[in-house]
Number of protein chains: 2
Amino acid sequence: MRASDRAYAALRDDIIEWRLLPGTVLAEVEQSERLGISRTPLREALSRLTAEGLTTTAGSRGVVVTDISLEDIDELFELRETLEGKAAALAAERGDPATFEQLRTELLQAPELINGGGPGLHAYYELAGRLDAAIDAAISNSYLAQAMRSLRVHLVRVRRLAADDAQRLTAAAAEHAAIAEAIAAGNPRLAEAATTVHLHRSLSHVKVTHTPH
Amino acid sequence: MRASDRAYAALRDDIIEWRLLPGTVLAEVEQSERLGISRTPLREALSRLTAEGLTTTAGSRGVVVTDISLEDIDELFELRETLEGKAAALAAERGDPATFEQLRTELLQAPELINGGGPGLHAYYELAGRLDAAIDAAISNSYLAQAMRSLRVHLVRVRRLAADDAQRLTAAAAEHAAIAEAIAAGNPRLAEAATTVHLHRSLSHVKVTHTPH
DNA sequence: ACAAGGGTCTATGTATACAAACTTGAAGTA
DNA sequence: TACTTCAAGTTTGTATACATAGACCCTTGT
């Protein structure tokens, strides 16, 4: 694996997990020494992070970790609703019903996973990820998929602010199941509506439980 | 201006204007010599282009100019309709009516510009750009604005494939005026509908007149 | 004649040295 | 005392030398 890839992955993780807080200046020599590489691959990693929006080049003071304020979260979810709503609708039109019917069945059994503790929780996150991937594949629109991917980075970062309790996860699983059901039924408008509902509930949960940094 | 900025701008222009055709391999030494810079800033330029999707790193064959097929154009417009439709609706909710009323007035006089020849044509493109910028500003959502900006690069590239005759431009100006009018009237659904109509007509025009490379 | 292996060559990936620009601090003057 | 200017130091931007890996071709053996 390339050194720049390792640096990118390490910094991305540090930012998403809030170990590198917003406003932190990522000086090139400092970070390259910390990660044990030279400045060249580090600079490539930084430019990738900046392209994703996780960092910005603040004039000539180097690159700094971007902030996510409460207004940012609203904007983020506004775009997310637009993109994922459209994606769910397209998946309902173009996706394979059997795939989503299977996902729905699994999602209905998710509460057992969520209440089952550590490994079950991991299995649930994996299941939710499979639904996202299935939608991505079903829409067959690489530009839309790319736009959603670039959003997800920021969303993961926001999610780390919220406390995901078992109660919310159980409700989220039911909402996911409703989305999968609508897609399996080939009903675009219902799929979009179910997605809108899910995202609004997610946003409310984040805003209520978010812990300021 | 930094050497990497110049390299980025030059390569971006070459790709958008189809001087560098899809599939062209951008070898580092070759391009750095052509642009009169060293490999380091060139690599940064290439990584920026790749982040935008204008190039891709094809395994170990270096970076190549990405292709835009007819299916890609459909996908591109599908995403564009989603984003710009939402943007027009938000602008209708949040924008300043006077700004868009003014733009509408100017757009209604656009046919004179279009039929006025070279400088008038340029003035029209500038006017259309002002409408885009006004919508960008009105939505007050940096994530959505960023998503639209990253789309526009590809759209400019596609537009270069089509022959923009005076007849199409006149029709487009009327469609733009309709969008501005709906936003000025504070009618989100009408603004979104007008945008949908405009984009579908644009897409049809591109598909009919596009010249294969 | 065809396939397999090795070697060379050319490409990208990395490190480092150098240049330039900006920031910061201190000193001097109004 | 406050503002301006100059200088030093630290930072990023660039060039280049070196490492490494992949591709292509030639040779050799079956």
Side-chain angles (χ1 to χ4, degrees), chain A residues 1-16 19-67 142 146 149-150 153, chain B residues 1-16 19-67 142 146 149-150 153:
Chain A
M1 186 187 248
R2 299 183 300 179
S4 60
D5 289 336
R6 276 186 292 123
Y8 166 75
L11 287 171
R12 185 172 175 277
D13 239 49
D14 285 340
I15 294 172
I16 287 176
R19 287 188 293 267
L20 287 172
L21 297 181
T24 304
V25 176
L26 301 179
E28 295 181 0
V29 288
E30 175 192 348
Q31 293 300 320
S32 64
E33 284 175 2
R34 181 172 78 92
L35 299 170
I37 60 177
S38 83
R39 281 179 57 213
T40 307
L42 179 89
R43 280 172 67 90
E44 197 196 305
L46 289 180
S47 84
R48 273 206 266 172
L49 292 170
T50 300
E52 279 187 327
L54 289 178
T55 56
T56 49
T57 67
S60 62
R61 261 196 308 278
V63 326
V64 303
V65 179
T66 54
D67 193 14
S142 58
Q146 172 60 29
R149 261 196 301 280
S150 71
V153 184
Chain B
M1 188 188 248
R2 298 183 301 178
S4 60
D5 288 337
R6 276 185 292 124
Y8 166 76
L11 287 171
R12 185 172 175 278
D13 239 48
D14 286 340
I15 294 173
I16 287 176
R19 288 189 292 267
L20 287 171
L21 297 180
T24 305
V25 176
L26 301 179
E28 294 181 1
V29 288
E30 175 192 349
Q31 293 301 319
S32 64
E33 284 175 3
R34 180 171 79 92
L35 299 171
I37 60 175
S38 82
R39 282 179 55 215
T40 307
L42 180 89
R43 281 173 66 90
E44 197 197 304
L46 289 180
S47 84
R48 272 206 266 173
L49 291 170
T50 300
E52 280 187 327
L54 289 178
T55 56
T56 50
T57 66
S60 61
R61 263 197 308 278
V63 327
V64 301
V65 179
T66 53
D67 193 14
S142 59
Q146 172 60 29
R149 260 196 301 279
S150 71
V153 184

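Chain identifiers are assigned alphabetically (A, B, ...) following the order of the sequence lines, protein sequences preceding nucleic acid strands; residue numbering begins at 1 within each chain.
- Nearest heavy-atom pair, B:Arg61 versus B:Val25, reported as atom, atom and distance to 0.1 Å: O-CG1, 3.5 Å.
- Atoms CZ (A:Arg39) and P (C:dG13) sit 19 Å apart, rounded to a whole Å.
- Without hydrogens or angle criteria, B:Thr24 side chain to B:Val65 main chain gives no donor-acceptor distance under 3.5 Å.
- Contacts between chain A and DNA chain D, taken as any atom within less than 4.0 angstrom of a protein heavy atom, begin and end at D:dT12 to D:dT14.
- Taking B:Arg48 as the reference, B:Asp5 meet the salt bridge (charged side-chain N to carboxylate O under 4.0 Å, His left out) condition, with sequence neighbours excluded.
- Using a 4.5 Å heavy-atom cutoff, the side chains of A:Leu46 and A:Glu28 are in contact.
- Taking a 4.0 Å limit (strictly below) on heavy-atom distances, residues 41-57 of chain A reaches DNA chain D at A:Arg43.
- With A:Val153 as the partner, the side chain to side chain contact (heavy atoms under 4.5 Å, CB included) test is satisfied by one option alone out of A:Ile15, A:Leu49, A:Ile16: A:Ile16.
- Here the side chain of A:Thr55 pairs no donor or acceptor atom with the backbone of A:Val64 at under 3.5 angstrom.
- With rounding to whole Å, B:Arg61 atom CZ is found 14 Å from C:dA11 atom P.
- Across the interface with DNA chain C, nearest-nucleotide mapping of B:Leu26 and B:Thr40 shows B:Leu26 to be the residue nearer the 5′ end.
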Practice task
Take B:Arg34 and B:Leu11 through the side-chain contact (heavy atoms from CB on, under 4.5 Å) test and state the conclusion after the steps.
Solution key: CA-CA 11 Å; B:Arg34 180 171 79 92; B:Leu11 287 171; 3.7 Å; yes

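- Judged by distance alone, the side chains of B:Ser32 and B:Ser38 never bring a donor and an acceptor atom under 3.5 Å apart.
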